[in-house]
Amino acid sequence: MKLDAVRELIVREGLSAFLFSSNANVQYLSGFRSSHAYALITPEERYLLTDGRYYEKAKTLRDWEVVLIEGPAIKFLKGFIKEKGLRVVGYERDRVSCEFAKKLKTKGIRWKGYTGFLDSLRALKTHTEIEIIREGVRESDKVYMELLNFIRPGMKELEVRAFIASEFLKRGSLGESFPAIVASAQASAIPHWESSEARIKEKAPLLIDMGMVWKGYCTDFTRTVYLGKADDDFKKVYSVVRDAHLHAISAVKVGNTIGDVDKRARDYIESKGFGKFFTHSTGHGVGIEIHEYPRVYYKGKDSKVVIEEGMVFTVEPGIYIPGEFGVRLENMVVVEGGVGKPLSSVGLDLVEI
């Protein structure tokens, strides 16, 4: 169980308790979604502390002692922790402001700040988490297939985003996991383009990057289509990105490193002469948050992370030629049976609308 693993971490670190303040980690541990709640975990107890806006909702939680925060939150938290006799308490240094951390200082309590305390645990999804994510991807795929029949030249990019968001909600999602990127023509060469009032052009590519929140978990998906008959230059770049995507997935194996996955895609793109046009990492973990540990990149601390059963992350190589066009193809991949398996059933072949 998640909480058993967290308690083992707490004991291993010599802590009396750990205070989780980030919405994502509180949700991960308790299943409770709100804008203001804290999870306090000890080796024996679990407390969910929230204010009057969420208290009645929180009381429906099973196996948690729910505590109503009265007055200033930090002052209440410190008083509650002292009352329980907890002397060494961990907190999420990477998830709080400097002001929050400063206010935690209390006589009689030793605070220890941690970065990424739950990263390794959250990276390994349980069977239940994987099934929820799989359901979400299945629903997202359906929206994408409907979208192909909806898109027409002359529409505004924001009209397409509105369609995506509306269909997500109709299917029971909690909304977008990030603002959908709808990028037409030259805008597709900007990896994180903001969908705009610009109109979708004919005889041009259209990049669509979208995701929903399904039962508390995020999905992430990108395809680049072409409105009209694609020219040879676009087809060449598209083929390189598609093949790089497949090379990367072939490297998703238990025992390989995260860096191996990025290098497999990056080396292939470089071998085809487009290396300088691949300007971001090959992927990132996905779960309760859209960007989670580990970052799928050959540089940095995550590059040496060994791939394990149960990991879920994106594979999304891209080529972006400034002033012309860009191509990105993205799937979420789950590590099952020792290998990476794309969760989406949407093919990678070029779609011309």
Side-chain angles (χ1 to χ4, degrees), residues 1-52 54-55 58-59 61-126 129 285 287-289 291-295 300-302 304-306 308 310:
M1 289 179 61
K2 295 176 185 176
L3 286 172
D4 291 335
V6 175
R7 285 180 170 133
E8 287 178 13
L9 283 173
I10 290 170
V11 171
R12 190 184 311 157
E13 292 295 320
L15 302 173
S16 306
F18 200 104
L19 177 68
F20 295 95
S21 54
S22 65
N23 296 337
N25 278 336
V26 171
Q27 180 188 331
Y28 175 75
L29 294 168
S30 68
F32 185 71
R33 289 171 59 89
S34 78
S35 63
H36 189 219
Y38 303 87
L40 182 68
I41 311 295
T42 78
E44 297 83 25
E45 305 293 341
R46 65 184 84 169
Y47 304 98
L48 192 289
L49 302 96
T50 189
D51 63 34
Y54 299 104
Y55 182 63
K59 285 197 302 184
L61 288 176
R62 296 178 57 187
D63 303 322
W64 284 79
E65 182 174 335
V66 178
V67 179
L68 174 64
I69 295 174
E70 299 179 283
I74 296 179
K75 181 179 179 181
F76 183 90
L77 289 168
K78 291 192 295 186
F80 183 82
I81 288 167
K82 289 188 76 171
E83 178 188 314
K84 297 297 178 183
L86 305 172
R87 295 290 177 257
V88 185
V89 183
Y91 73 95
E92 300 174 282
R93 180 173 52 201
D94 56 331
R95 298 274 185 154
V96 300
S97 66
C98 293
E99 182 182 8
F100 184 98
K102 186 177 180 180
K103 288 182 177 179
L104 283 178
K105 292 181 180 179
T106 317
K107 187 176 180 180
I109 301 175
R110 181 186 169 201
W111 293 93
K112 292 183 66 176
Y114 289 83
T115 297
F117 191 74
L118 294 184
D119 280 358
S120 295
L121 182 59
R122 281 178 54 178
L124 303 180
K125 271 57 178 181
T126 65
E129 288 177 305
I288 285 174
E289 294 175 291
H291 289 104
E292 293 191 352
Y293 169 90
R295 184 184 184 206
K301 61 183 178 64
D302 293 356
K304 302 300 183 184
V305 172
V306 176
E308 296 183 62

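In what follows, every heavy atom counts, from backbone to side chain, and hydrogens, waters and symmetry copies are set aside.
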Novice: Do R110 side-chain atoms and V89 backbone N/O form a donor-acceptor pair below 3.5 Å?
Specialist: no

Novice: Would you indicate whether K75, at its atom NZ, is surrounded by more than 12 heavy atoms from other residues, nucleotides or ligands within a distance under 6.0 Å?
Specialist: no

Novice: Under 4.5 Å between any side-chain heavy atoms of Y293 and R122, yes or no?
Specialist: no

Novice: What's the separation between atom CZ in F100 and atom CZ in R95, rounded to the nearest 0.5 Å?
Specialist: 13.5 Å

Novice: If we ignore hydrogens and angles and just use 3.5 Å, is the side chain of K78 paired with the main-chain N or O of K103 as donor and acceptor?
Specialist: yes

Novice: Step through the shown structure and confirm whether more than 12 heavy atoms of other residues, nucleotides or ligands are within 6.0 Å of NZ on K304.
Specialist: no

Novice: L118 versus V6: any side-chain heavy-atom pair under 4.5 Å?
Specialist: yes

Novice: Taking atom CZ of R93 and atom NZ of K112, what is their separation to the nearest 0.5 Å?
Specialist: 10.0 Å

Novice: Give the minimum heavy-atom separation between L68 and G52, together with the two atoms involved.
Specialist: CD1-N, 3.6 Å

Novice: Identify the two heavy atoms, one from T42 and one from A17, that lie closest to each other, and give their separation to 0.1 Å.
Specialist: CG2-CB, 3.8 Å

Novice: Determine, using ring centers only, whether F80 and Y47 are less than 6.0 Å apart.
Specialist: yes

Novice: Is the backbone of D63 close enough, under 3.5 Å, to the side chain of R46 for a donor and an acceptor to pair up by distance?
Specialist: yes

Novice: Hey, is the main chain of A24 close enough, under 3.5 Å, to the side chain of E289 for a donor-acceptor pair?
Specialist: no

Novice: Please report the C-alpha distance between K84 and E45 in whole Å, then the side-chain angles of each, then the deciding distance to 0.1 Å, and finally whether the salt bridge (Lys or Arg N to Asp or Glu O under 4.0 Å) criterion is met.
Specialist: CA-CA 10 Å; K84 297 297 178 183; E45 305 293 341; over 6 Å; no

Novice: Quick one: CD on E292 to CG on D119, what's the gap to the nearest 0.5 Å?
Specialist: 8.5 Å

Novice: Which atom pair, heavy atoms only, marks the closest approach of D94 to G116?
Specialist: OD2-N, 3.1 Å

Novice: Run the side chain to side chain contact (heavy atoms under 4.5 Å, CB included) check on E8 and V11 step by step: do they pass?
Specialist: CA-CA 5 Å; E8 287 178 13; V11 171; 5.9 Å; no

Novice: So among L48, N25, L40, which one has a side chain to side chain contact (heavy atoms under 4.5 Å, CB included) with F20?
Specialist: N25

Novice: What is the distance from atom CG of L15 to atom OH of Y91, rounded to the nearest 0.5 Å?
Specialist: 12.0 Å

Novice: May I ask you to test the L3-L29 pair for a side-chain heavy-atom distance under 4.5 Å?
Specialist: yes

Novice: I need the R87 CZ to S16 OG distance, nearest 0.5 Å.
Specialist: 8.0 Å

Novice: Just checking E83: does its CD atom have more than 12 heavy atoms from other residues, nucleotides or ligands closer to it than 6.0 angstrom?
Specialist: yes

Novice: Decide if the gap between the ring center of H36 and the ring center of Y38 is smaller than 6.0 angstrom.
Specialist: yes

Novice: Taking D302 for its side chain and R295 for its backbone only, find out whether a donor-acceptor pair lies under 3.5 Å.
Specialist: yes

Novice: How far apart are the closest heavy atoms of V26 and A39, and which atoms are they?
Specialist: CG2-N, 3.8 Å

Novice: Counting N and O atoms only, with roles assigned by atom type, does the side chain of W111 sit under 3.5 Å from a partner on the main chain of L104, one being a donor and the other an acceptor?
Specialist: yes

Novice: I need the E70 CD to L49 CG distance, nearest 0.5 Å.
Specialist: 11.5 Å

Novice: Please report whether the ring centroid of Y114 lies less than 6.0 Å from that of F18.
Specialist: yes

Novice: Considering non-hydrogen atoms only, spot the tightest contact between A58 and V66 and give its length.
Specialist: O-CG2, 3.3 Å

